[in-house]
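Report on the structure given below.
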Amino acid sequence: MTLTLNDIEVRAIAGVSASKQEELHAFGIFTVKDLLEYYPFRYEDYRPKTLSEVKHGEKVTVEAKVIGLPVLQRYGGKSRLSCKMVAGPWMFTATWFNRPFVRDQLAAGRDVVVTGKWDQKRSQITVTDHEFPDRGSVKTGTLQPVYSVGGKITQSWLRKTILQALEQYGAMIPEILPQSILRKYDLMPRSRAIATIHMPEDTSDGSAGRRRMVYEELFLFQLKVQAFRVLNRGRMDGVVHTVDNATVRQFVRSLPFELTDAQKRVELEILQDMRSPYCMNRLLQGDVGSGKTVLAAIALFATVRSGFQGALMVPTEILAEQHLRSLQRMFEPFGITVGLLTGSVNGRKRKDLLASLQMGLTDVVVGTHALIQEDVFFRDLGLVVTDEQHRFGVNQRSILRRKGYNPDVLTMTATPIPRTLAITVFGDMDVSTLSERPKGRVPISTYWAKPGQMDRVIGLVRRETEQGRQAYMITPLIEESDKLDVQNAIDLHITMTQALPTVRIGLLHGRMTPSEKDEVMRRFYSGEIQVLVSTTVVEVGVDVPNATLMVIIDADRFGLSQLHQLRGRVGRGEHASFCVLVADPKSEIGKERMIAMTETDDGFEVSRRDLELRGPGDFFGTKQSGLPEFRLADMTADFDVLEQARGDAAELLRDGHFWTSPEYAPLRDFLQREQIFQGDLMD
Ligand code: ADP
Ligand code: MG
């Protein structure tokens with residue numbers, strides 16, 4: 001076996017001590033490969049300019065000559081050093097704060113390169129960096145990479161160490177892309193691209209290096225998901241569901257409504273997959289309220305009638321209880337048994353359920369993460385459904401899947417992304433989209449109110465409750481402080497109880513025990529509670545069709561997709577519904593969000609704007625999104641490249657030589673390392 005950079009610990013690089021190695025581990029850097037692929041997020045420009053090129057307030061590097069006597073002022077424990085200089089035709093003052101020792105080096109006539117902020121009005125540069133050419137310069141004339149650092153790892157140490165690594169091991173960086181692709185896009189060789197990203201000659205050089213590595217990242221990603229598909233297309237060892245049409249029809253006819261055309265189409269797509277020996281891996285996306293749950297129910301019904309068990313995993317206990325109730329209602333006439341497994345199901349109850357699952361006495365189980373615990377076994381799991389998939393990590397989903405033998409998988413999400421994007425980023429999933437909401441729904445009217453208008457908002461709450469409807473009032477999200485969130489909800493609950501003494505107002509927050517939460521939700525479902533004051537615990541999935549008013553306090557603290565999710569709690573029945581955003585946004589982004597919400601209630605459009613406002617890093621970067629994360633590539637800015645890479649990967653896999661030709665050996669090795677051949681990728 002040949003030694004690769006992934007086998008060499010960072011310790012092998014000159015200048016990396018045992019303790020430094022330890023520090024690097026905190027950044028996820030273990031091997032030389034990790035270090036070389038630790039890319040800067042921007043560059044500091046030390047290329048000299050003339051002062052006529054820069055604007056007031058900009059950072060600049062100038063080549064200057066000392067002409068005046070340095071003047072040092074001390075005050076308190078601090079100091080300020082000023083010195084007159086010339087740079088071409090310009091005369092200016094260079095100022096250093098708290099670096100008194102520089103004074104002795106500023107001999108008249110000496111050349112010095114200073115970097116700092118240019119104050120045009122005062123003809124002054126506040127120096128952050130300087131170099132004397134007569135002592136040799138390092139930064140002058142270069143673009144210096146800026147890395148994410150911290151602890152004992154400093155910027156300059158990391159720069160030095162990465163350069164050292166390039167010197168020692170640069171020649172060992174292997175090429176992985178085939179020559180044909182390098183030629184097609186005129187891409188740099190891999191080793192040069194990596195070196196260039198760390199120390200670019202100039203901006204265009206740096207971006208060429210980046211372009212190469214971005215392409216590589218996206219291409220490898222596409223190759224991985226597509227190779228998996230190619231290898232598994234022919235793999236016909238998934239569960240075959242044998243349920244016939246008439247039986248499914250019977251169930252669908254028993255539902256209290258007729259399926260929409262979109263639901264019928266998706267139903268067909270799901271049943272087709274389930275009946276084939278091909279292992280279903282389908283993503284069902286649809287706007288909030290588009291009626292995804294009933295499709296999960298149909299699929300679960302089909303698996304049970306084919307002789308298997310089904311599992312439905314959801315992110316919150318509240319949602320699990322809700323799904324339990326609605327599935328029980330739908331399945332009862334058919335004698336299908338439904339169990340519940342959440343963190344608060346313990347002791348005897350839990351034991352009984354586990355036994356019954358293992359023996360196959362329980363047909364369908366609904367639950368939270370509790371479903372993926374080690375001691376949960378099924379007799380014959382045929383279908384796994386996850387609702388609100390973005391709330392789960394990839395691992396959690398695959399643990400559940402492994403509790404059966406190649407069960408079919410259906411994942412549902414209410415954070416829709418454009419179809420082309422979905423196909424591209426979920427390369428290994430089939431995508432179904434619910435494009436319409438059930439008929440007879442009145443669009444939700446959304447208003448933006450200022451905090452000073454709370455009286456009118458309360459008036460609206462009164463009006464809806466007088467008409468027999470229900471309302472939610474959501475209190476703001478305080479970053480990283482569950483405690484403050486709770487306090488906010490408690491305060492609002494008091495205010496509302498005083499303002500509307502005859503209305504029954506409930507309170508729900510994350511610090512309540514599961515059984516307390518459950519009790520409050522039960523009373524809200526039944527209509528006993530008319531107004532529910534709550535933190536965001538009701539954000540996903542909750543379905544109370546009689547609720548027609550959603551009030552969101554300090555709405556600018558929420559992201560756009562989250563606001564849309566919250567709004568989706570109303571507009572679920574035949575009554576006209578309203579959403580009131582109470583906010584006085586300080587930021588432009590906050591304002592934009594309010595405007596976007598009042599302008600559209602289409603989830604796809606909301607996602608598009610969210611992407612625009614937040615930038616893809618945030619939108620896709622969240623751990624919860626379930627989307628792949630890249631080191632360099634940016635899902636939106638580099639979307640064209642992603643498309644190209646998709647085409648290239650598909651073409652390569654269609655070429656019979658791919659599995660045999662030596663040219664593609666590095667790519668096959670990559671697939672091997674990614675365990676593509678074990679069939680263990682499907683998520
Ligand atoms: P989501 O897609 O947000 O999960 P749900 O599945 O909770 O939406 O459905 C929202 C509401 O619409 C539920 O009350 C459900 O019973 C109802 N519903 C679903 N499909 C239809 C339909 N075809 N016609 C009328 N109502 C429907
Ligand atoms: Mg739902």
Side-chain angles (χ1 to χ4, degrees), residues 248-249 251-268 270 282-301 312-331 366-368 385-392 410-417 431-444 469-470 472 521 524-527 536-548 550 561-577 579 601-604 606-607:
V248 178
R249 258 335 81 230
F251 175 66
V252 173
R253 263 203 308 273
S254 79
L255 296 170
F257 43 71
E258 208 197 319
L259 295 186
T260 64
D261 290 342
Q263 281 171 326
K264 284 182 193 156
R265 200 189 59 240
V266 173
E267 179 200 4
L268 221 72
I270 293 172
R282 186 167 284 278
L283 175 76
L284 168 55
Q285 56 169 358
D287 202 352
V288 265
S290 59
K292 293 182 290 293
T293 314
V294 65
L295 287 161
I298 294 172
L300 289 166
F301 178 87
L312 170 60
M313 183 160 73
V314 301
T316 66
E317 297 210 356
I318 290 176
L319 206 50
E321 304 264 359
Q322 175 184 298
H323 281 330
L324 175 78
R325 267 189 299 272
S326 57
L327 288 180
Q328 272 175 338
R329 206 167 41 233
M330 289 188 258
F331 289 161
V366 182
T368 54
V385 184
T386 42
D387 194 8
E388 309 296 344
Q389 64 89 24
H390 57 288
R391 294 293 172 121
F392 294 103
L410 178 67
T411 12
M412 309 198 288
T413 178
T415 307
I417 52 179
V431 180
S432 289
T433 304
L434 277 184
S435 46
E436 62 176 324
R437 292 189 213 176
K439 285 184 208 66
R441 295 279 173 80
V442 191
I444 304 166
R469 306 281 85 78
Q470 289 164 279
Y472 298 90
M521 280 315 291
F524 189 59
Y525 284 120
S526 73
T536 53
V537 290
V538 297
E539 182 188 339
V540 292
V542 172
D543 184 42
V544 180
N546 189 48
T548 50
M550 166 61 70
S561 293
Q562 204 178 9
L563 288 171
H564 183 67
Q565 280 287 329
L566 285 167
R567 174 169 61 184
R569 294 314 111 222
V570 298
R572 301 182 146 247
E574 77 263 34
H575 305 287
S577 292
C579 173
D601 78 336
D602 172 354
F604 287 83
V606 168
S607 289

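All heavy atoms count here, side chains included; hydrogens, waters and symmetry mates do not. Atoms within each ligand, like the ligands themselves, are counted from 1 in listed order.
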[Y] backbone acceptor or donor facing [X] side chain under 3.5 Å:
X      : Y      : answer
Lys439 : Thr260 : no
Gln263 : Gly291 : yes
Ser577 : Pro443 : no

Exercise. Residues in salt bridge (charged side-chain N to carboxylate O under 4.0 Å, His left out) with Arg249, at least two apart?
Worked result: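 Per chain and number, Arg249 pairs via salt bridge (charged side-chain N to carboxylate O under 4.0 Å, His left out) with Glu267.
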
Exercise. So which protein residues pack against ligand 1 under 4.0 Å, heavy atoms counted?
Worked result: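 Within 4.0 Å of ligand 1, protein side: Phe257, Glu258, Leu259, Thr260, Gln263, Asp287, Val288, Gly289, Ser290, Gly291, Lys292, Thr293, Pro438, Arg441, Asp543, Pro545, Arg572.
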
Problem set entry | Electrostatic pair Arg437-Asp287, nearest N-O below 4.0 angstrom | yes

For this session: Could you tell me whether Glu436 and Arg441 have a side-chain N and a carboxylate O separated by less than 4.0 Å?
Result: no

